[in-house]
Each structure stands twice: as structure tokens, then as C-alpha cells.
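Have a look at the structure below before the remarks.
Just so we're clear, the structure is a prediction, and the values are computed from it rather than from any experiment. By convention in this document, chain letters (A, B, ...) are assigned in the order of the sequence lines, proteins followed by strands, and residues within each chain are numbered from 1.
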Protein chains: 2
Amino acid sequence: MNKINKKTEYALMALKYFSDNTQGPVLVSAKDLAEKTHTPFDVIARVLQALSSRGILKAEYGVSGGYQLVKNLEDITVYDLMNILESSTELAKCLGSETSCELSSTCTIVSPITNLNHRVQNFYKSISLAEVLHV
Amino acid sequence: MNKINKKTEYALMALKYFSDNTQGPVLVSAKDLAEKTHTPFDVIARVLQALSSRGILKAEYGVSGGYQLVKNLEDITVYDLMNILESSTELAKCLGSETSCELSSTCTIVSPITNLNHRVQNFYKSISLAEVLHV
DNA sequence: TTAAATACGATTAATTTTGACGTATATACA
DNA sequence: TGTATATACGTCAAAATTAATCGTATTTAA
Ligand code: FES
Ligand code: FES
């Protein structure tokens, strides 16, 4: 289906909000972001946690806590984001995990798929979030 | 999830079989291809029908019938194949169909997603099946 | 006439994605 | 020091999508 999932979409919305509102308060809570982006709280909360654990956001606990953008969008690629939020960035199930192609020895297109997979990943690695969001 | 679906995978297998066996008989039946590629008959049969309806294969009815490759793999792009066999080639549900982004006016990333979508599609349009399969 | 092949509508099964619930932990502030 | 508010995360259920199957019609060589 070649689609990015909702989590990646929500992440783009959140990051766009951060980069569009550099004047306002630095810390923005998950609740606020859910409202601003019209996304379900539970889901975007998870997304923010994931971005935080990967050093893109910084989390502040407590009453007036929230998240802060701490990485430059120029330095994050679309591939990075997918890697954090998609269940898998591989073009086929067999790639990447322990269920290796070589084991299922009947497959006739291991090397074509592997090759295409690399090309797609390199493509996504070549695009920064700054490029995507500042259009 | 960014994955190609099984139908696209099976199509690659079938097309690879055709292009690897230019010496043998020109017509190959769905049954044969299912055996050669170790794929479920019903599914690959549908795939072959789809490729046939789009002018990539030519179908021959009857007892000694089957399919024949009638298009040059150089002239088919990965995008073409996805367009034939994937439920959608768009990066987000809202793109392309009648459920337009503009209608769901709360979305904050319509133009970024649209832009990224074009880039991805152009990327897939730039790769031919010959390039993919002859590695 | 019959067997073997394509064509396709409809349905079911399997998998993946999305969202929700419950609870633990941390911190500012009254 | 208690309370409200915020992040963190394990688990589960619902929804959507993908994959596979069943049944039947049509075409044609032998
Ligand atoms: S088993 Fe990996 S491409 Fe087929
Ligand atoms: S509605 Fe189309 S990208 Fe959000």
C-alpha cells in the first residue's frame, strides 16, 4: 500500500507545530498538541514519547511540563522518522528481520527486492524533515 | 509500513520468470507459473489477469493457452507495476481519491504530504523493471 | 464433446494498524 | 506535604487492510 502510517503523520504535524511556533512557550504538552493538531491524545502521546526517546524532543515532567524540540529538522531525515514510527521500513517482510530471505529458499526475487529496498531507503535518507515541512 | 504487497511481489516473480526463460515456450500458464514461483494459484492468476489487462502480458485462452510477455521490461516502471497491483500508490489515504485533503480542513500537513508524495512517485517512476530484475 | 485454460464476482481468513484503558512515575505549586 | 498535572508504558480491543479461497462462466485446442 506504500503508505506512511498515522503515527508518522501525527509526528509530522507535531514537528511542524514546533517549527512554526518558535515564538511561543518552548514547552508544549501532549494534550496541547493533540488539540492543535486534532489528533487522538493517546496516539500522539506515544508518538511524542518515541520522538523523545530518540533525542528529537526533550520531555519535561510535572505540572507545567511538556515537550521541546531539541534537534534541528535539517538533521532528521524522512528515513529516520519512519524508522522510529513505522513498524518496519523494509520493502518486504522477509527483509531485515530474522525471517531471512535465504531461509525461504524458494523465493526467486531475493536479490531484486533487496536491491530495490536499498534504493528506496537511500531515497528516504536523502530527504530532510526541513525540506518536507518548509514547503 | 512502506511495503509492497504480495501481488506486486508475485508479479515480479512472474516477470522475472518470463525474462529468464526466453528460450522455452512462449506461452506459460498460470498453473505453471504458480508452480515455478511457489505462489498460490488463485492469487497469481489474478495478478496475471491484471498484467494482461494492462498490456504487459498477452493471454491466450484454451487448452494449450497461457500468458506471453509482450512488453519490454525497460518500458515498465516500478510505479507502473504498483499502480496496477497496489490498492493505492498514494502516501496518505486522503490523497488522490475523492476524500480530498482540503475537505478535512483540520489537517496541518496537506502541502508537505502532497509534496513528499510527488517526490516518492517520481522516484518510483524513475526505476524500470529491467533495472530491478536484472541485478 | 471434453479437457484445460483464462476471467471474475463474492466471501472468508489472516494480518496490521489504530485507538483506548489502566496504572505507575515525576514535578510544580499551594 | 498533599494534590493536580504531566510523561511513560503495558495491555487489550476495534477497525481497516491484505491475502487467500470458493464458485462459476467463458474460451478454445484436440
Ligand atoms: S523471500 Fe525475500 S524477497 Fe522473497
Ligand atoms: S488530510 Fe491529507 S495530509 Fe492530512
Could you tell me how far apart B/Leu27 (CG) and C/dT6 (C1') are, to the nearest whole angstrom? 12 Å
If the sugar-phosphate is the primed atoms plus P, OP1 and OP2 and the base is the rest, what is the B/S/- string for nucleotides 20-30 of chain D, using protein heavy atoms under 4.0 Å? BBB---BBBB-
Has B/Lys31 got more than 12 heavy atoms of other residues, nucleotides or ligands less than 6.0 Å from its NZ? no
With the side chain defined as heavy atoms from C-beta on, B/Ser29 is closest, among D/dA8, C/dA7, C/dA5, to C/dA5
NZ of B/Lys7 versus P of D/dT18: gap in Å, rounded? 9 Å
Report the residues that fulfil side-chain hydrogen bond (donor to acceptor under 3.5 Å, both in side chains) with A/Thr77, sequence neighbours left out, ordered by chain and then residue number. A/Asp80
Atom pair distance, as rounded to whole Å: NZ in A/Lys31 and P in D/dT7: 10 Å
Can you tell me the distance, in whole Å, between the NZ atom of A/Lys93 and the C1' atom of C/dA14? 9 Å
Indicate yes or no: does B/Lys93 engage A/Glu9 in a salt bridge with an N to O separation below 4.0 Å. no
Residue list, salt bridge (charged side-chain N to carboxylate O under 4.0 Å, His left out) with A/Asp20, at least two apart or on another chain: A/Lys16
Can you see if the side chain of B/Ser87 gets near the phosphate of D/dT18 - specifically, an N or O under 4.0 Å from OP1 or OP2? yes
Of all the heavy-atom pairs spanning A/Ile44 and A/Ala34, show the shortest one and how long it is. CG2-CB, 4.0 Å
Euclidean distance, atom CG of residue B/Asn5 to atom P of C/dT15 [Å, nearest integer]: 16 Å
Any link between A/Tyr61 and A/Leu69 through a network of hydrophobic side chains (Ile, Leu, Val, Met, Phe, Trp, Tyr) touching at under 4.5 Å? no
Check the distance between D/dT17's P and B/Ile4's CD1 and give it to me in whole angstrom. 20 Å
What does A/Ala45 touch in the nucleic acid at a heavy-atom separation under 4.0 angstrom: a base, only the sugar-phosphate, or nothing? nothing
Between B/Ser53 and B/Asn2, which residue's closest nucleotide on DNA chain C lies nearer the 5′ terminus? B/Ser53
How do B/Glu86 and A/Gly66 order along DNA chain D: which one's closest nucleotide is nearer the 5' end? A/Gly66
Atom CD of A/Gln49 and atom C1' of C/dT25: how far apart are they, to the nearest Å? 12 Å
What is the distance from CG of B/Asp32 to P of C/dA5, rounded to the nearest Å? 7 Å
B/Asn117 and B/Glu90: side chain donor to acceptor below 3.5 Å: yes
